[in-house]
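Written out below as structure tokens is the structure these notes cover.
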Amino acid sequence: MDMDLSPKFPATFVETEDGGYYNWAAADSPVLREAKVAAGKLVLKPRGFALPHYADCSKVGYVLEGKCGVGLTTPASNTKEKMAFIGIKKGDIIPIPCASVSWWYNYGDSDVVIVFLADATNAYVAGEITYFLLTGPLGHLHAFSLESIAKTYQITLQNAQKLTSNQKGLLLIKLNKEQAKTIPKPNEELLNIYTQNINGSLPDVEVNNGGNFTTLKPSKFPFLEQVGLNVSRLVLETNATRSPWYASDPQVVYVVKGSGEVQIVGLQGKLVLNTKVETGQLFVVPKLFMVAISADENGLELISIVTSSRAMMGEMGSKNSVLNTIPSILQASLNVSSELNQQFIEMMETGTIVVPPMNLY
């Protein structure tokens, strides 16, 4: 079973003076198709507006830069439009359930950049997110006959023509100042319901000179259950290491900042990836494959998902190591001296999954 696991940059899907959308295509990275995951990146310039749409994948958005407003249909919404309007900023995680209608508006003075990581189990195109627009030339309103639109909304054919044809933007547009005034203000009361700032969350693990590791699960962030994903953020300082681990479900990892080395071990103990990663790249860790990550002199910051909120995780380092659950047979399994075996067990007991740099000689 040979898979190309090499890290990839996204391709341009659409790019205008108002922003752009970039995606990781399964044709360029077949492991996305195999693992049934997908990813994309949205860039909005000031007053940039992403037309209302829904998608065939449940996903989370992570704000890399800037701040913007997100309109999102949710079962809990009790507004007149049955849509929650949420303000998000750098470091925020926002879950977007499959088939939920959303729109995005940059009300700030700088670019907004958001990366989306998705479970593509039920995607139309394996390994990719497919969007369904409601308005514009690629939207549903534009596709139906004028007669159908006129009957549905009980309007004249002339007005039906305006409804379906006036919007010329394909996906992203820039609102003029008058249009911008019609956009509602974000509801601050919804912040802790629909978003969570993972950058500002208390880390699960924090090590001096090593870095930190933070996870968001539905137990901490209930709305995450709507997409069935776990989200993690790993920050490694210069030359620090994240000890090897595996998950029972696929992992999608985006390099937020910095650079380093990724090693992945797959079937029959084969090292299937040993390469450098850098800012803006994405890589996939197939289910049950083991991965280790080390930062170089630039440090390394990653955001990732596991495609199940109930995934089982296995660690190789720290006191939670799976090897630490079999101490009575560990010496025989490794075929080492009792002294080395005891030293190994003691180091696991005092170790951590984030390892600061050390002299190996």
* Honestly curious: do F13 and V37 fall in one hydrophobic cluster under the side-chain, below-4.5 Å linking rule? -> yes
* To do: Could you walk me through whether L51 and L172 pass the side chain to side chain contact (heavy atoms under 4.5 Å, CB included) test, one step at a time?
  => CA-CA 6 Å; L51 295 173; L172 306 174; over 6 Å; no
* Flag if over 12 foreign heavy atoms under 6.0 Å of NZ, K8 -> yes
* Nearest heavy-atom neighbours spanning A292 and P244 -> CB-CG, 3.8 Å
* L133 with L141, same ILVMFWY side-chain cluster at under 4.5 Å -> no
* Under 4.5 Å between any side-chain heavy atoms of P203 and V205, yes or no? -> no
* Checking side chain to side chain contact (heavy atoms under 4.5 Å, CB included) for the pair M290/V285: CA distance, chi angles, key distance, verdict? -> CA-CA 8 Å; M290 192 163 285; V285 184; over 6 Å; no
* Asked: With distance as the sole test, does D28 use its side chain to make a donor-acceptor pair with the main-chain N or O of A11 at under 3.5 Å?
  -> no
* Could you walk me through whether L236 and T241 pass the side chain to side chain contact (heavy atoms under 4.5 Å, CB included) check? -> CA-CA 7 Å; L236 294 176; T241 297; 5.8 Å; no
* To do: Side-chain contact test, heavy atoms from C-beta onward, threshold under 4.5 Å: evaluate it for K270 versus V265 and give yes or no.
  => no
* Asked: Does a side-chain heavy-atom distance below 4.5 Å link T121 with T307?
  -> no
* I264 versus V284, closest heavy-atom pair with distance -> CD1-O, 3.9 Å
* Asked: Is there a donor-acceptor pair under 3.5 Å between the side chain of S58 and the backbone N or O of C98?
  -> yes
* Knowing that exactly one of E301, Q281, K41 qualifies, which makes a side-chain hydrogen bond (donor to acceptor under 3.5 Å, both in side chains) with Y254? -> K41
* Asked: Which pair of heavy atoms, one from L175 and one from R47, lies closest together, and at what distance?
  -> O-NE, 2.7 Å
* Is the Y131-Y21 ring centre distance short of 6.0 angstrom? -> yes
* Between Y194 and F223, ring centroids under 6.0 Å -> yes
* Taking side chain as C-beta onward, heavy atoms only, is I114 less than 4.5 Å from C68? -> yes
* Beyond-backbone contact of V262 with F283, side-chain heavy atoms, under 4.5 angstrom -> yes
* When you check the side-chain N and O atoms of N199 and R233, is any donor under 3.5 Å from an acceptor? -> yes
* With a cut-off of 6.0 Å (strictly less than), are more than 12 heavy atoms of other residues, nucleotides or ligands near CG of N122? -> no
* Heavy-atom neighbours of Q343 CD exceed 12 at 6.0 Å -> no
* Just by distance, do the side chain of S304 and the backbone of V253 share a donor-acceptor pair under 3.5 Å? -> no
* To do: Taking all heavy atoms of I149 and all of A160, pick out the closest pair and write down the distance.
  => CG2-CB, 3.9 Å
* Drop me the distance from M348's CE to N320's CG, to the nearest 0.5 angstrom. => 11.0 Å
* Structure fact -> CG (L146) and CD (Q158) are apart, to the nearest 0.5 Å, by 11.5 Å
* **Rounded distance [0.5 Å steps], CG in N187 versus CZ in F85** => 10.0 Å
* W103 ring center near F49 ring center (under 6.0 Å) -> yes
* Would you say the side-chain atoms of S100 pair up with the backbone N or O of I96, donor to acceptor, closer than 3.5 Å? -> no
* Structure fact -> Scanning both residues in full, the closest heavy-atom pair of A84 with L190 reads CB-CD1, 3.5 Å
* Q331 side chain vs V336 backbone, donor-acceptor pair below 3.5 Å -> yes
* Asked: Taking everything shown except N192 itself, do over 12 heavy atoms lie less than 6.0 Å from its CG?
  -> no
* Where the side chain of N106 meets the backbone of S110, is there a donor-acceptor pair that is under 3.5 Å apart? -> yes
* **Donor-acceptor under 3.5 Å (T238 side chain, E297 main chain)** => yes
* **Over 12 non-hydrogen atoms of neighbours within 6.0 angstrom of CG in D109** => no
* **Atom pair CG (L302) and OG1 (T279), whose distance is rounded to the nearest 0.5 Å** => 9.5 Å
* To do: Please say whether more than 12 non-hydrogen atoms of neighbouring residues, nucleotides or ligands are located less than 6.0 Å from CZ in F132.
  => yes
* For the pair K45 and D18, evaluate salt bridge (charged side-chain N to carboxylate O under 4.0 Å, His left out) and give the outcome as yes or no after the intermediate values. => CA-CA 5 Å; K45 303 290 185 180; D18 311 315; over 6 Å; no
* Asked: Does the side chain of S259 come under 3.5 Å of the side chain of D296 through a donor N or O and an acceptor N or O?
  -> yes
* **hydrophobic_cluster_shared for L334 and I345, side chain cutoff 4.5 Å** => yes
* To do: Give a yes or no on whether the backbone of S321 and the side-chain of T325 come within a donor-acceptor separation of less than 3.5 Å.
  => no
* Are side-chain N/O atoms of D92 and Q196 paired as donor and acceptor at under 3.5 Å? -> no
* Ring centroid separation for F116 and W104, is it under 6.0 angstrom? -> yes
* **Atom OH of Y153: over 12 foreign heavy atoms under 6.0 Å** => no
* Asked: Charged N to carboxylate O under 4.0 angstrom, R242 versus E315?
  -> yes
* To do: State, yes or no, whether a side-chain contact exists between I88 and I86 at a heavy-atom distance under 4.5 Å.
  => yes
* To do: Mind checking the CG-NZ spacing from N230 to K220? Nearest 0.5 Å is all I need.
  => 9.5 Å
* Do the side chain of S201 and the main chain of N197 share a donor and acceptor less than 3.5 angstrom apart? -> yes
* Within-4.5 Å side-chain heavy-atom neighbours: V354 and N212 -> no
* Asked: Do L42 and V14 share a hydrophobic cluster (ILVMFWY, side-chain heavy atoms under 4.5 Å, transitive)?
  -> yes
* To do: Start with the C-alpha gap between K217 and D204, add the side-chain angles, then the distance that decides, and say whether salt bridge (charged side-chain N to carboxylate O under 4.0 Å, His left out) holds.
  => CA-CA 12 Å; K217 299 179 180 179; D204 298 87; over 6 Å; no
* Group every Ile, Leu, Val, Met, Phe, Trp and Tyr by side-chain heavy-atom contacts under 4.5 Å, then state whether Y246 and V291 land in the same group. => no
* Heavy-atom pair of closest approach, residues S294 and L300 -> O-CD2, 4.1 Å
* Asked: Above 12 or not: heavy atoms from other molecules or residues under 6.0 Å from CE of M313?
  -> yes
* Asked: Taking it one step at a time, do I303 and L234 satisfy side chain to side chain contact (heavy atoms under 4.5 Å, CB included)?
  -> CA-CA 7 Å; I303 193 78; L234 174 66; over 6 Å; no
* Asked: Atom CG of N335 and atom CG of L330: how far apart are they, to the nearest 0.5 Å?
  -> 11.5 Å
* Donor-acceptor pair, T73 side chain versus V101 backbone, under 3.5 Å? -> yes
* Asked: Are any non-hydrogen side-chain atoms of T275 and P7 less than 4.5 angstrom apart?
  -> yes
